[in-house]
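What follows is one structure encoded as structure tokens, with my remarks underneath.
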Amino acid sequence: MKTDILIIGGGSIGLNCAYYLLKSGRGVTILESKEIPKASAAFGNAGQIVPSHIIPLAAPGVVTSALKWMLNPQTSAFGMKIRPDAKYISWLIQFARSCTEANLKRGIQPMQRLGQLSAINFQKLIQEEKFECHYQRTGMITIFKDEKTFEAGKHEGEMLQKHGIEIEVLDKNRLHTLEPILRDDVIGGVHCTGDAFLNPSMFLKSLYERVRAMGANIFENTPVIGFEISNGKITKVKTKTQEFEAEQIILATGAWSSMLARDLKIKIPIQPARGYSVSMSAPKQMLRHAFTLGDLHVAVTPFGNILRATGRLEMGEFSTTPNQTWIRRLENFMREYFNFDDDVKMIDSWAGLRPVTPDGIPIIGKSPLHSNLTIATGHAMVGLTMGPATGQLVSELVNGKETSIDINAFRLERFL
Ligand SMILES: Cc1cc2nc3c(=O)[nH]c(=O)nc-3n(C[C@H](O)[C@H](O)[C@H](O)COP(=O)(O)OP(=O)(O)OC[C@H]3O[C@@H](n4cnc5c(N)ncnc54)[C@H](O)[C@@H]3O)c2cc1C
């Protein structure tokens, strides 16, 4: 089958690429190995639109913190699968080496620009398309019980402010006035007032339906299993039942990207980082903001009649079966910060795979080895947030336009 643009992967990034490409007048086909939007790592995620998350995952102090957390397995935000796999070990070494001041400096401004572009695009997209997804712009508050972590949170807030992120430090009184449902031992918070949140599965479903209505040809349960390449051009994309020929191809396969890269004979260093979510019925007094429990690195978000907690980052884990011990812990962490009524109950649990690069910065750009391939992956903790900006940038690249922001820091070439 012949098509103009072929997008591989129908997750957060693939759907956004489809939307902006269709808007620019291009014809789009999507190949998704499972079901859209259920297969996406964004389906059961925290739904936080956090342009304030501009610090790359590989930042100074991360390795030390990860080791410290692992000594306390009951509450550790971090876990790691031991896998005797040379690529995985080399990725871990590369990640540890990237946790430097230099990587932070290199990544923070590009992440800030990407986040700001996405925040603007999100507002426009949801307003123009009238998506029903409980989108709210009251910001995200990181809250603390521990004095020391609160101080560290304030310090990080000051740093973010220097990079143009709007921050308000909330003392106990102000915080409890804003959110009376908080437990008394929560001592303060740092409010990122420019952040927002929404129900991610409702958002993805709306986007999926919109791109279909705009004319996208969508093939679900159709994994890509191989390629034919001739003179540096991908001439065929193979599935079990069909072959596709496309003018331009977009690789947006999230945590699975390095597997497809092998067949493309290019190195895309992505490893999965599994995380969990637990969804609860709404308390009578519903939360008005999105939260991060700063002492535990757990996100808590209200949408409609669902309250969700997400957490854990388990490196190198490909299974999406939720670990019930962690699901119960997430529920308990939430109860330790908020006063719920007795009838608040767990209604669902889920696990998803974040796609992570060794420097914690996404990959967005043209393939250096294939004339008709664009790569958009590696968004780690912020692939929902950065979706609309990435979609716009990919559309600009494919259409040969100047990109709205400088994408040099995102190019794959940094790993080659
Ligand atoms: C617990 C948790 C909480 C999170 N919270 C947030 C949050 O609050 N805010 C935020 O911004 N981000 C959050 N994230 C991160 C975000 O969900 C991811 O960064 C994002 O989903 C990545 O988007 P993607 O399109 O690259 O990958 P995905 O959304 O995973 O999509 C990739 C798609 O490619 C498909 N695919 C794979 N291989 C093939 C193949 N061979 N052929 C065809 N299709 C294929 C997959 O089935 C999948 O549907 C969270 C993630 C987790 C796990």
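Both ligands and their constituent atoms are indexed starting at 1 by order of listing. It should be emphasised that the depicted structure is a prediction, and the values quoted were computed from it without experimental measurement.
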Is there a polar contact between ligand 1 and Lys34, counting only N or O atoms under 3.5 Å apart?
no

Per-residue contact class, Leu384 against ligand 1 - non-hydrogen pairs under 4.0 Å
both

Against heavy atoms of Gly275, which atoms of ligand 1 measure under 4.0 Å?
1 (C)

Just let me know how Leu260 lines up against ligand 1, side chain, backbone, both or neither, with a heavy-atom cut-off below 4.0 Å.
side chain

Does Gly47 have a non-hydrogen atom less than 4.0 Å from ligand 1?
yes

Short N or O distance, Gly383 and ligand 1, threshold 3.5 Å exclusive:
yes

Non-hydrogen atoms of Ala380 and Val356 that approach each other most closely:
CB-CG2, 4.1 Å

Residues Tyr20 and Asn399: side-chain donor-acceptor under 3.5 angstrom
no

Could you check, using the six-membered ring where one of them is a Trp, whether Phe203 and Phe122 have ring centers closer than 6.0 angstrom?
yes

Going by distance alone, is a donor N or O of one side chain under 3.5 Å from an acceptor N or O of the other, for Arg308 and Ser279?
yes

For atom 35 (C) of ligand 1, what's the nearest protein heavy atom and its distance?
Glu32 OE1, 3.3 Å

Within the 3.5 Å criterion, strictly below it, is a donor on Thr193 or Asp195 matched to an acceptor on the partner's side chain?
no

So which protein heavy atom does atom 41 (N) of ligand 1 come closest to, and at what separation?
Val224 O, 3.3 Å

Relative to Tyr337, does Lys145 satisfy both conditions: NZ or CZ under 6.0 angstrom from the six-membered ring centre, and within 45 degrees of the ring's axis?
yes

Heavy atom of the protein closest to atom 31 (O) of ligand 1 (residue, atom name, distance)
Gly11 CA, 3.2 Å

One thing to verify: whether Asp406 and Arg113 come together as a salt bridge, which I'm taking to mean a side-chain N less than 4.0 angstrom from a carboxylate O.
no

Residues at least two apart in sequence or cross-chain that pass ring pair (Phe, Tyr, Trp, His ring centres under 6.0 Å) with Tyr208, listed by chain then number, are none

Do any nitrogen or oxygen atoms of Ala41 lie less than 3.5 angstrom from nitrogen or oxygen atoms of ligand 1?
yes

Strictly by modelled atom types, are Gln123 and Gln127 linked by a side-chain donor-acceptor pair under 3.5 Å?
no

Mark up the atoms of ligand 1 that fall under 4.0 Å of a heavy atom belonging to Val382, in ascending order.
10 (C), 11 (O), 12 (N)

Any heavy-atom pair between the side chains of Met280 and Ile306 that's under 4.5 Å?
no

Ser277 heavy atom under 4.0 Å from ligand 1:
no

Are Arg335 and Glu331 close enough for a salt bridge, meaning some N to O gap below 4.0 Å?
yes

Can you report which non-hydrogen protein atom sits closest to atom 2 (C) of ligand 1, along with the distance?
Arg354 NH2, 3.8 Å

Ala380 N/O under 3.5 Å from ligand 1 N/O
yes

For Val50, is at least one N or O under 3.5 Å away from an N or O on ligand 1?
no

Checking the N or O distance criterion of under 3.5 Å, is ligand 1 in contact with Trp256?
no

Check each atom of ligand 1 against the heavy atoms of Thr385 and keep those under 4.0 Å away; list them by number with element.
9 (N), 10 (C), 11 (O)

Looking at non-hydrogen atoms alone, which of Gly352, Ala252, Pro272 comes nearest to atom 53 (C) of ligand 1?
Gly352

min-distance protein heavy atom vs atom 24 (P) of ligand 1 -> Ile13 CG1, 3.7 Å

Please report which non-hydrogen protein atom sits nearest to atom 6 (C) of ligand 1, along with the residue it belongs to and the distance in Å to one decimal place.
Asn45 ND2, 3.4 Å

Using a strict cut-off of 4.0 Å, indicate which atoms of ligand 1 neighbour a heavy atom of Gln48.
7 (C), 8 (O), 9 (N), 10 (C), 11 (O)

Quick one: side chain to side chain donor-acceptor pair (under 3.5 Å) partners of Asn221, sequence neighbours excluded?
none

Of all the atoms in ligand 1, which lie at a distance below 4.0 Å from a heavy atom belonging to Tyr276?
1 (C)

Is the charged tip of Arg83 near the ring of Tyr88: under 6.0 Å from the six-membered ring centre and within 45° of its axis?
yes

So if I count the atoms of ligand 1 from 1 in the order they appear, which ones are less than 4.0 Å from some heavy atom of Ala42?
17 (O), 21 (O)

List ligand 1 atoms under 4.0 Å from Ala46, heavy atoms only on the residue side.
3 (C), 4 (C), 5 (N), 8 (O)

Is there at least one pair of N or O atoms, one from Ser40 and one from ligand 1, spaced under 3.5 Å apart?
yes

Ignoring hydrogens and angles, state whether a donor on the side chain of Glu129 or Tyr19 is under 3.5 Å from an acceptor on the partner side chain.
yes

Contact check: Ile8 vs ligand 1, nitrogen or oxygen atoms, below 3.5 angstrom
no

Closest non-hydrogen protein atom to atom 44 (N) of ligand 1, residue and atom name please, with distance?
Ser33 N, 3.1 Å

With a 3.5 Å cut-off and no angle check, do the side chains of Thr301 and Gln48 form a donor-acceptor pair?
yes

I want to know if ligand 1 touches Ala273 in the polar sense, i.e. an N/O pair below 3.5 angstrom.
no

for atom 27 (O) of ligand 1, nearest protein heavy atom and its distance come out as Gly254 CA, 3.5 Å

Give the numbers and elements of all ligand 1 atoms closer than 4.0 Å to a heavy atom of Ser12.
23 (O), 25 (O), 29 (O)

Min side-chain heavy-atom separation Ser319-Arg274 under 4.5 Å
yes

What is the ring orientation for His289 with Phe291, classed by angle as parallel under 30°, tilted 30 to 60°, or perpendicular over 60°?
perpendicular

Report yes if Met381 has an N/O atom closer than 3.5 Å to an N/O atom of ligand 1; otherwise report no.
yes

Using a distance-only test with no angle check, is there a side-chain donor-acceptor pair under 3.5 angstrom linking Thr310 and Ser277?
no

